[in-house]
Amino acid sequence: MFTFEIDEEITLKLLNESDAEEMFQLIDNCREYLREWLGWIDGTKNVYDSKQFIKGCIRLYEERQGLTLGIFFHGKLAGVIGFNSFDWTNRIGVIGYWLGNQFQGEGIMTRAVIAVIDYGFQQLGLNRIEIRAAYENYKSRAIPERLGFMQEGQIRQGEWLYDHFVDLIQYGLLASEWDSERGF
Ligand SMILES: CC(C)(COP(=O)(O)OP(=O)(O)OC[C@H]1O[C@@H](n2cnc3c(N)ncnc32)[C@H](O)[C@@H]1OP(=O)(O)O)[C@@H](O)C(=O)NCCC(=O)NCCS
């Protein structure tokens with residue numbers, strides 16, 4: 001099973017059903033904060049829903065259609081990162097992520113995204129990695145911008161969030177542009 005130790009603080013692990021309780025508590029403790037930018041929060045009502053989500057992620061992983069990893073910070077589940085989808089014909093992976101609000105501001109996600117990019121280019125042979133973030137989601141947009149992604153365009157009304165559409169900013173990074181030796 002996929003386990004990747006980024007540094008002494010952060011480990012990425014393939015989620016399994018035994019993580020469902022901790023994952024649900026993490027979401028339930030900061031629903032309002034997550035809900036601002038994630039459209040699936042209201043559909044996560046109990047541990048069973050988190051278990052179903054994890055089962056779906058395992059299935060996608062087995063079919064090579066996704067890779068969803070728990071981010072463990074000092075052994076505690078802090079959030080989730082992964083490739084939400086792959087386009088193998090064109091060797092493209094789309095990264096998505098979220099953190100519990102008490103884990104923000106420590107560079108956890110930036111470090112996790114660096115590790116996932118390295119894995120995507122070096123181990124999976126991807127040529128292009130995409131991240132999409134809502135126009136006003138400045139904390140999320142700061143991550144691809146910090147890592148040298150190119151801002152490629154604006155997808156108008158690209159996502160429905162409960163009662164309104166938001167525009168998305170599309171970021172892209174090519175394998176030829178990534179220097180895995182860069183230090184952060
Ligand atoms: C998007 C999200 C993951 C960003 O979290 P974050 O903590 O700001 O991101 P990082 O972990 O990369 O941390 C960056 C912050 O840590 C600081 N930091 C500390 N050490 C750092 C390091 N080694 N490297 C980078 N940043 C570091 C940065 O200065 C920055 O703080 P600032 O915002 O005060 O400038 C989080 O806000 C979130 O989950 N939001 C809700 C869900 C969501 O929007 N998901 C994305 C949908 S597209």
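Only this structure's heavy atoms are used, side chains among them; waters, hydrogens and symmetry mates stay out. Atoms within a ligand are numbered from 1 in the order they appear, just like the ligands themselves.
For the pair R91 and F121, the NZ or CZ position fails the cation-pi test of under 6.0 Å to the six-membered ring centre and within 45 degrees of the ring normal.
Those atoms of ligand 1 that come under 4.0 Å of a heavy atom in R132, given as number and element, are 48 (S). With ligand atoms numbered from 1 in the order given, ligand 1 contributes 44 (O) to contacts under 4.0 Å with heavy atoms of W37. Every atom of ligand 1 is numbered from 1 in the order shown, and the set under 4.0 Å from a heavy atom of I108 is 11 (O). Close approach to W98 involves these atoms of ligand 1, each under 4.0 Å from a residue heavy atom: 39 (O), 42 (C).
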| said: Does L34 form a side chain to side chain contact (heavy atoms under 4.5 Å, CB included) with I27? I'd like the steps, not just the answer. | reply: CA-CA 8 Å; L34 291 174; I27 294 164; 4.3 Å; yes
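When only interatomic distances are considered, the shortest N/O to N/O separation between T110 and ligand 1 falls below 3.5 Å. Backbone and side-chain nitrogen or oxygen atoms of R111 are examined, and none is located within less than 3.5 angstrom of a nitrogen or oxygen of ligand 1. Geometrically, ligand 1 and L99 share a nitrogen or oxygen pair separated by less than 3.5 Å. Of the N or O atoms in M109, one or more lie within a sub-3.5 Å distance of an N or O in ligand 1. In terms of polar-atom proximity, G107 is counted as a contact of ligand 1, with an N or O under 3.5 Å from an N or O of the ligand. Some N or O of G105 is nearer than 3.5 Å to an N or O of ligand 1, by distance alone.
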Sequence neighbours excluded and cut-off under 3.5 Å, please list the side-chain donor-acceptor pairs for residues 123-130, or say none.
{"residue": "R128", "atom": "NE", "partner": "E130", "partner atom": "OE2", "Å": "3.0"}
{"residue": "R128", "atom": "NH1", "partner": "E152", "partner atom": "OE1", "Å": "3.4"}
{"residue": "R128", "atom": "NH1", "partner": "E152", "partner atom": "OE2", "Å": "3.0"}
{"residue": "R128", "atom": "NH2", "partner": "E130", "partner atom": "OE2", "Å": "3.1"}
{"residue": "R128", "atom": "NH2", "partner": "E152", "partner atom": "OE1", "Å": "2.7"}
{"residue": "E130", "atom": "OE1", "partner": "R132", "partner atom": "NH2", "Å": "2.7"}
{"residue": "E130", "atom": "OE1", "partner": "Q170", "partner atom": "NE2", "Å": "3.4"}

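Here NZ of K55 is found 14.5 Å from CG of L15. Values are rounded to the nearest 0.5 Å.
Within the 4.0 Å heavy-atom criterion, neither part of V113 lies near ligand 1. Contacts of Y97 with ligand 1, taken as heavy-atom pairs under 4.0 Å, involve both backbone and side chain.
Within a 6.0 Å radius of CZ in R31, other residues, nucleotides and ligands contribute more than 12 heavy atoms. The 12-atom threshold is not exceeded at OH of Y135, counting heavy atoms of other residues, nucleotides or ligands nearer than 6.0 Å.
Under a 3.5 Å cut-off, the side chain of Y171 and the backbone N or O of G148 do not form any donor-acceptor pair. One N or O on the side chain of W88 and one on the backbone of R64 form a donor-acceptor pair closer than 3.5 Å.
Note on V94 and I143: separate hydrophobic clusters, where clusters join Ile, Leu, Val, Met, Phe, Trp and Tyr whose side-chain heavy atoms are under 4.5 Å apart, directly or indirectly.
For the ligand labelled ligand 1, residue R146 lies inside the 4.0 Å heavy-atom shell.
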